[in-house]
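Step one of this worksheet: look at the structure below.
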Amino acid sequence: MSTFQAPKGTYDLIPPRSAKFLAVREAISAPLKNSGYGYIETPGFENVELFARGVGESTDIVSKEMYAFETKGGTKLALRPEGTASVLRAALEANLHKAGNLPVKLWYSGSYYRYERPQAGRYRHFSQVGAEAIGAEDPALDAELIILADQAYRTLGLREFRILLNSLGDKECRPVYRDALQGFLRELDLDEDTRRRIEINPLRVLDDKRADVQKQLVGAPMLRDYLCDACKAYHEEVRELLTAAGVAFEDDEKLVRGLDYYTRTTFEFVHDGLGSQSAVGGGGRYDGLSEMIGGPELPSVGWALGVDRTVLALEAEGIELELPASTSVFAVPLGEEARRVLFGIVTELRREGIATDFAFGGRGLKGAMKSANRSGARYTIVAGERDLGEGVVQIKNMESGEQSAVALGLVVEELRSRLSS
Ligand code: AMP
């Protein structure tokens with residue numbers, strides 16, 4: 001061990017487990033790539049104001065958990081705590097919304113940072129794959145995103161997840177509800193912090209996990225009873241489209257989520273094998289966000305799925321992904337000359353697209369064969385002085401143990417044909 005360790009709340013992705021992370025990222029992004037979403041990458045940090053305005057000053061994410069700092073030049077930046085505000089900022093900056101091709105559909109994958117109290121499934125550095133569909137108000141778009149996330153989880157083999165669905169109303173009906181809720185909450189016996197929250201973002205008080213708060217919330221006005229006709233019809237259509245697609249969901253009228261920008265559709269994917277950090281992903285519609293960050297009116301919808309928690313969910317369900325072995329051929333040279341010759345063959349095989357590795361470091365046959373075994377290679381090529389004298393190498397089938405001599409000039413072709421059968 002070195003003098004240093006990974007910072008608190010972070011961990012390193014190390015082979016072989018890291019392969020699962022790559023596979024999860026791939027599985028989540030595959031349905032998006034297949035549905036018209038283009039890849040976008042934005043910086044790991046942004047102007048701090050973007051998140052203050054975009055995510056919401058009153059949210060825990062911005063007020064408590066953001067890694068904000070000032071550069072030597074005096075610019076106030078923050079490591080990105082989430083993806084949506086950055087992606088929308090980038091889309092607006094590149095005028096993607098003006099290309100006459102709405103919605104602009106984008107997907108991304110990357111690292112996010114929140115100064116949270118670390119625990120199982122909650123880290124200070126984590127990764128998400130996300131999708132945003134910018135510039136269209138269409139229930140089919142909300143449904144599309146939920147269906148694609150469901151498809152991603154199912155392809156991975158996950159079964160024990162549930163989809164929670166709610167509507168948060170729009171700028172017509174939400175303020176009326178907000179007033180009613182504030183009136184109700186102000187009468188309760190709550191601590192200072194919560195009382196402040198009532199004034200800034202009363203909906204989030206509904207999300208309070210404490211039992212004594214939940215007890216007092218019985219009888220609180222529910223948003224469902226305040227939704228305007230347009231919001232009701234919109235939500236009903238999202239629900240119908242999901243049902244028609246065979247995607248099961250649960251209506252959860254308490255689902256408000258920890259970010260201020262959501263309107264209408266909100267949803268969360270929860271996994272029942274994860275304990276307290278059960279949300280594997282979430283998202284919703286954010287019709288007002290563009291204007292909040294200085295852009296035009298651009299109703300949009302998106303989600304972010306947590307890669308770390310998806311891997312934990314796979315492990316909780318005992319799912320082993322079928323990951324192809326990363327090496328097909330392993331070369332074991334015995335002696336100096338064999339090293340030069342086999343290294344040449346290895347290079348040739350790699351240029352042919354055959355995954356090949358080599359016993360480096362001039363190790364003996366026993367140690368090198370151990371590495372060959374560990375690599376998962378289907379074939380090992382072994383050559384010593386005598387083989388080279390005869391102009392051959394030995395190709396060993398690692399599964400059957402069978403070994404045969406193949407002429408030097410034919411090795412690449414022989415392996416190609418054996419691997420493709
Ligand atoms: P949110 O932006 O909070 O809705 O997060 C979306 C998803 O990102 C969550 O459902 C988690 O899977 C993941 N996530 C958020 N915060 C963390 C964290 N601190 N550690 C690990 N995963 C996280």
Side-chain angles (χ1 to χ4, degrees), residues 6-13 20-21 24-25 27-29 42 46 50-51 54-56 58-67 78-88 107-132 145-146 149-150 152-153 156 158 160-166 168 201 203-204 207 209 252 254-262 265-286 289 300-316:
K8 186 174 170 190
T10 71
Y11 63 100
D12 304 303
L13 291 181
K20 279 193 218 173
F21 281 72
V24 163
R25 288 195 187 111
I28 299 176
S29 55
T42 65
E46 295 274 353
L50 173 69
F51 301 119
V55 181
S58 76
T59 60
D60 283 352
I61 294 178
V62 169
S63 65
K64 298 186 191 150
E65 298 167 1
M66 208 150 62
Y67 283 91
L79 298 186
R80 58 185 181 187
E82 61 100 51
T84 304
S86 310
V87 167
L88 187 56
W107 76 273
Y108 57 90
S109 171
S111 295
Y112 296 86
Y113 307 87
R114 293 183 195 172
Y115 191 72
E116 297 199 80
R117 199 169 44 79
Q119 63 180 87
R122 189 161 75 188
Y123 313 104
R124 291 180 171 177
H125 165 266
F126 56 96
S127 20
Q128 292 182 336
V129 173
E132 314 291 348
L145 278 162
I146 297 172
D150 177 80
Y153 285 144
L156 284 166
L158 288 170
E160 291 164 27
F161 68 90
R162 290 177 292 129
I163 301 173
L164 310 180
L165 186 69
N166 193 21
L168 291 182
N201 192 342
L203 268 74
R204 293 196 48 243
D207 213 15
K209 302 280 185 288
D252 181 356
K254 285 200 175 142
L255 182 73
V256 297
R257 308 207 5 92
L259 301 90
D260 277 356
Y261 50 58
Y262 288 115
T265 314
T266 49
F267 48 88
E268 202 152 87
F269 292 79
V270 293
H271 191 275
D272 292 325
L274 291 187
S276 68
Q277 301 304 308
S278 63
V280 285
R285 183 156 273 287
Y286 48 93
L289 179 58
S300 306
V301 56
W303 52 240
L305 308 187
V307 177
D308 311 74
R309 285 189 201 164
T310 304
V311 170
L312 292 175
L314 286 170
E315 292 171 352

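Every number for a ligand or one of its atoms is a count from 1 in the order of the listing.
Partners of Y123 under the side chain to side chain contact (heavy atoms under 4.5 Å, CB included) rule, at least two apart in sequence or in another chain, are Y11, D308, L312. Every residue was checked against the side chain to side chain donor-acceptor pair (under 3.5 Å) condition with T10, not counting sequence neighbours, and none meets it.
A 4.5 Å side-chain heavy-atom check between Y286 and L168 finds every atom pair outside the cut-off. S86 places a side-chain heavy atom less than 4.5 Å from the side chain of F51.
Shown in contact with F126 at under 4.0 Å from a heavy atom are these atoms of ligand 1, numbered in order with element: 14 (N), 15 (C), 16 (N), 17 (C), 18 (C), 19 (N), 20 (N), 21 (C), 22 (N), 23 (C). If you number the atoms of ligand 1 from 1 as listed, the ones under 4.0 Å from a heavy atom of A304 come out as 6 (C), 7 (C). Residue contact check: A279 has heavy atoms under 4.0 Å from atoms 9 (C), 10 (O), 11 (C), 12 (O) of ligand 1. Residue R122 has at least one heavy-atom neighbour below 4.0 Å for each of these atoms of ligand 1: 19 (N), 20 (N).
At least one N/O-N/O distance between V280 and ligand 1 falls below 3.5 Å. Between G282 and ligand 1, not a single N/O pair is under 3.5 Å apart. For ligand 1, the polar-atom distance check finds no N/O of E82 at less than 3.5 Å from any of the ligand's N/O atoms. Some N or O of G281 is nearer than 3.5 Å to an N or O of ligand 1, by distance alone. At least one N or O atom of Q128 sits closer than 3.5 Å to an N or O atom of ligand 1.
Residue-level proximity to ligand 1 for Y123 is carried by backbone and side chain together, each with a heavy atom below 4.0 angstrom.
For the atom pair CH2 of W107 and CG of L145, the computed distance is 14.0 Å after rounding to the nearest 0.5 Å. Rounded to the nearest 0.5 Å, atoms NE2 (H125) and OH (Y112) are 10.0 Å apart.
Note on ring orientation: taking the six-membered ring where Trp is involved, the planes of F269 and Y153 are perpendicular (angle over 60°, cut-offs 30° and 60°).
One option in G306, G9, P118 has a heavy atom closer to atom 13 (C) of ligand 1 than any other, and that option is G306.
Heavy-atom contacts from other residues, nucleotides or ligands closer than 6.0 Å to OH of Y115 number 12 or fewer.
The shell of residues lying under 4.0 angstrom from ligand 1, judged by heavy atoms, excludes D308.
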